[in-house]
Amino acid sequence: MLFLRIVAVCTNFDLYKMIKIMSRAIVHIDMNTFFVSCERLTNSELNGIPLIIGGGERGVVASCSYEARKFGVRSAMPIHMAMKLCPQAKIMKGDMELYSRLSHDITEIIQEKAPVVEKASIDEFYLDITGMDKFYGSYRWTDELAQRITKETGLPLTFALSVNKTVSKIGTGEGKQKQNLEIPEHLVQSFLNPLSIRKIPMVGQKTFELLSRIGIRTIRTLSEMPAESLQQMIGKNGTELWKKANGIDNNPVEPYTERKSISTEHTFSQDTIDVLKLNRILQGMVEKLAYQLRAEEWLTSTVTVKIRYANFDTETKQSRVQYTSADHLLTQTVTDLFTKLYQRRMRLRLIGVRFSGLVRGTYQIDLFNDTEEILSLYQAMDRMKTRYGFDAVMRCAGASFKPNNKDEILKRKK
C-alpha cells in the first residue's frame, strides 16, 4: 500500500488567517467495504468478484465490493436495480454476528493503543492523538496501528490524519483503494477546495441540488460564500456547512462507551387483566424503543418481556432474534413472549420490554429480508418522529402507549 503526504503550498493565506484551525491530530479509520471484507475473510473464493451483501430481489444493498461499484452499484440501492447494473454479481445474505465480532476485535486493538477513541459505527472510528507527534510522530504511529489491525484481523482499512473530524473523514473517502492521507493544518483548504460539495458529510441530495442550482458545486465556491447567505438558504445548518467548507470543525472525539441494553416499563394506576389493552401497550413500547434504536444506530439481538403481578411476583422471558431494529419484527417476538409468559390470569401492575445484545448498525444494514418499500416507510416515519415528536405518527395498535416521565424508565447500562 502506498502512503501519500500532501505537500502542495496553500495559496489562500488570507482565508487561512481569518479562520485559524485548532492544532489537533484527529484520525479517521474506515474499514474498507467492511461486510464484503468479512465475508472474503471466511471464503477466499469471493476474492476479486463483484459481491453484493443484501437480500431478496426486492431488498436493498447493505454493502458491495469495489468490483461491483465499478458498475454503479451503491449501498441502499434496490437489489433489482443493482442486478441490472451488474448482472454477474454474487448476492449474499449478511451475517451480522460475524461483522459484530470482527468489529469488536478491531475496537479492542484500537482502544489498547489510542488515548481517545470514538466508535462512529460498526466499521469506522475517530481517534484523538493530539501530542503524539512530540514523542513518536502522529502519522508513523497511525500507520503502525493500521498495519497491526490488518495483521491481526486480516481486514483492510483506510485512514486519514488531519486537524479535525470533518477533514479526516473526507480524507479517508479520497484515499480509499489508493493511499492513506496526512493533511496538515496549513494544507487543509487547498486539499478541500477542488472537491465536490458532496464530499462534505452533512451534504445530502436535497442540499446538493439546492446549491447546484445557483452554481455551487465545489467546496472552494461554497467556502467563499458569506455564512449569512448560506444560513438564509438552508436554515440553521448553513453556518455549520460554511465552517466545514472552510475546514473548521471543533467537535471533540467522544470517548467510546458501549450501550448494553435499552428498556421501558409501564406501571398501571390500576391493576389490569385486559389482554387486548396489554398487547396494545406492548406494541407501543416496541415502537418507541425501535425508533430509539434506529435514531442511535443500534441493532438488537435479544428481546425480553417482563411482567409483575398484583401480588408483586415478577417474571421474565427472553428470546434471541436476528439483529434488527424493525418494529414489525420485534413486535411479533414481544407478542409471542407475552403470550407464553402471562399464564396465571392474575391482574398485572407492571409490564416491560428490554432490548439487549446491541451492536452498532442502521436499519439499512438489517434489510436482508425486507423490501425497499419497508425501508422507505421506516425512513419517512422516523423523519416525522424526529421533527414533530414520537407521537406524530404511530401504528394504531400501539397508540394506547403514551410515554411520560412517570410511566417510562429508559435504562442505560454500561
Side-chain angles (χ1 to χ4, degrees), residues 34-35 38-39 52-63 75-76 78-79 91-104 119 121-123 258-264 279 282-306 317-340 352-383 385-386 390 393-395 397-398 401 410-413:
F34 182 58
F35 295 170
C38 291
E39 297 291 349
I52 294 174
I53 308 297
E57 292 186 358
R58 299 185 66 199
V60 298
V61 177
S63 181
S75 296
I79 292 287
I91 299 178
M92 296 185 63
K93 183 177 180 179
D95 184 349
M96 279 303 300
E97 290 193 21
L98 171 65
Y99 309 153
S100 178
R101 175 171 58 81
L102 290 171
S103 176
H104 179 73
K119 189 172 182 178
S121 69
I122 195 171
D123 62 349
E258 191 70 88
R259 169 172 276 195
K260 299 301 181 183
S261 68
I262 179 173
S263 64
T264 183
N279 274 298
L282 285 171
Q283 290 182 49
M285 288 178 165
V286 171
E287 189 170 353
K288 169 67 176 178
L289 293 180
Y291 166 65
Q292 189 169 350
L293 287 176
R294 294 192 296 273
E296 298 181 14
E297 297 190 346
W298 292 106
L299 302 173
T300 181
S301 64
T302 305
V303 177
T304 304
V305 174
K306 172 183 177 181
K317 187 174 284 292
Q318 72 176 32
S319 176
R320 292 274 296 177
V321 297
Q322 182 177 336
Y323 284 104
T324 186
S325 59
D327 305 8
H328 68 285
L329 299 178
L330 293 168
T331 296
Q332 184 61 55
T333 302
V334 167
T335 300
D336 292 344
L337 286 173
F338 178 69
T339 300
K340 295 174 183 177
V353 176
R354 182 174 75 250
F355 298 151
S356 56
L358 305 183
V359 299
R360 281 291 183 185
T362 62
Y363 187 63
Q364 289 93 321
I365 290 174
D366 193 43
L367 282 183
F368 296 133
N369 294 311
D370 293 324
T371 67
E372 56 192 278
E373 290 87 357
I374 293 178
L375 171 60
S376 298
L377 174 63
Y378 276 112
Q379 289 176 334
M381 289 177 64
D382 287 351
R383 284 195 296 269
K385 289 175 183 289
T386 300
F390 170 72
V393 54
M394 297 179 66
R395 288 175 170 82
F401 176 64
L410 293 177
K411 299 176 180 177
R412 180 168 182 162
K413 301 179 181 178

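Heads up: numbering here begins at 1 and tracks the sequence. What you see is a predicted model, and the numbers here were worked out from it, not measured in a lab.
E296 and Q292 are linked by a side-chain donor-acceptor pair at a separation below 3.5 angstrom, with hydrogens and angles left out of the test. No donor-acceptor contact under 3.5 angstrom links the side chains of S263 and K306, judged on distance only. For the residue pair D336/Q332, the side-chain donor-acceptor check at 3.5 Å is satisfied.
Closest of all the heavy-atom pairs between S325 and A290 is O-CB, 3.7 Å. Closest of all the heavy-atom pairs between L299 and M96 is CD1-CE, 3.6 Å. When every heavy atom of G357 is checked against every heavy atom of S301, the shortest pair comes out as O-OG, 2.9 Å.
T300 is listed as a side-chain neighbour of L358, based on a closest heavy-atom distance under 4.5 Å. Using a 4.5 Å heavy-atom threshold, the side chains of I262 and W298 count as separate.
Atoms CZ and OG, on F34 and S63 in that order, are 10.0 Å from each other to the nearest 0.5 Å. For the atom pair OG1 (T339) and NZ (K317), the distance works out to 11.5 Å, reported to the nearest 0.5 Å. In this structure, the separation between CZ on R354 and CD on Q318 is 6.5 Å, given to the nearest 0.5 Å. For the atom pair CG (L330) and CG (L282), the distance works out to 12.5 Å, reported to the nearest 0.5 Å. Summarising the geometry, atom CZ belonging to R320 is positioned 4.5 Å from atom OG1 belonging to T302; distances are rounded to the nearest 0.5 Å.
K93 has no carboxylate O lying under 4.0 Å from a charged side-chain N of E39, or vice versa, which leaves the two without a salt bridge. Ionic pairing of R294 and D327 is present here: one or more N-O contacts between side-chain nitrogen and carboxylate oxygen are shorter than 4.0 angstrom.
For S103 (side chain) and I122 (main-chain N/O), a donor-acceptor pair under 3.5 Å exists by modelled atom type. One N or O on the side chain of T335 and one on the backbone of T331 form a donor-acceptor pair closer than 3.5 Å.
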Exercise. Could you walk me through whether F355 and V303 pass the side-chain contact (heavy atoms from CB on, under 4.5 Å) test, one step at a time?
Key: CA-CA 5 Å; F355 298 151; V303 177; 4.0 Å; yes

Start with the C-alpha distance between I52 and I79, add both sets of side-chain angles, then the distance that settles side-chain contact (heavy atoms from CB on, under 4.5 Å), and finish with yes or no.
CA-CA 9 Å; I52 294 174; I79 292 287; 3.9 Å; yes

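Remark: of the listed residues D95, D123, L102, I53, I53 is the sole one forming a side chain to side chain contact (heavy atoms under 4.5 Å, CB included) with F35.
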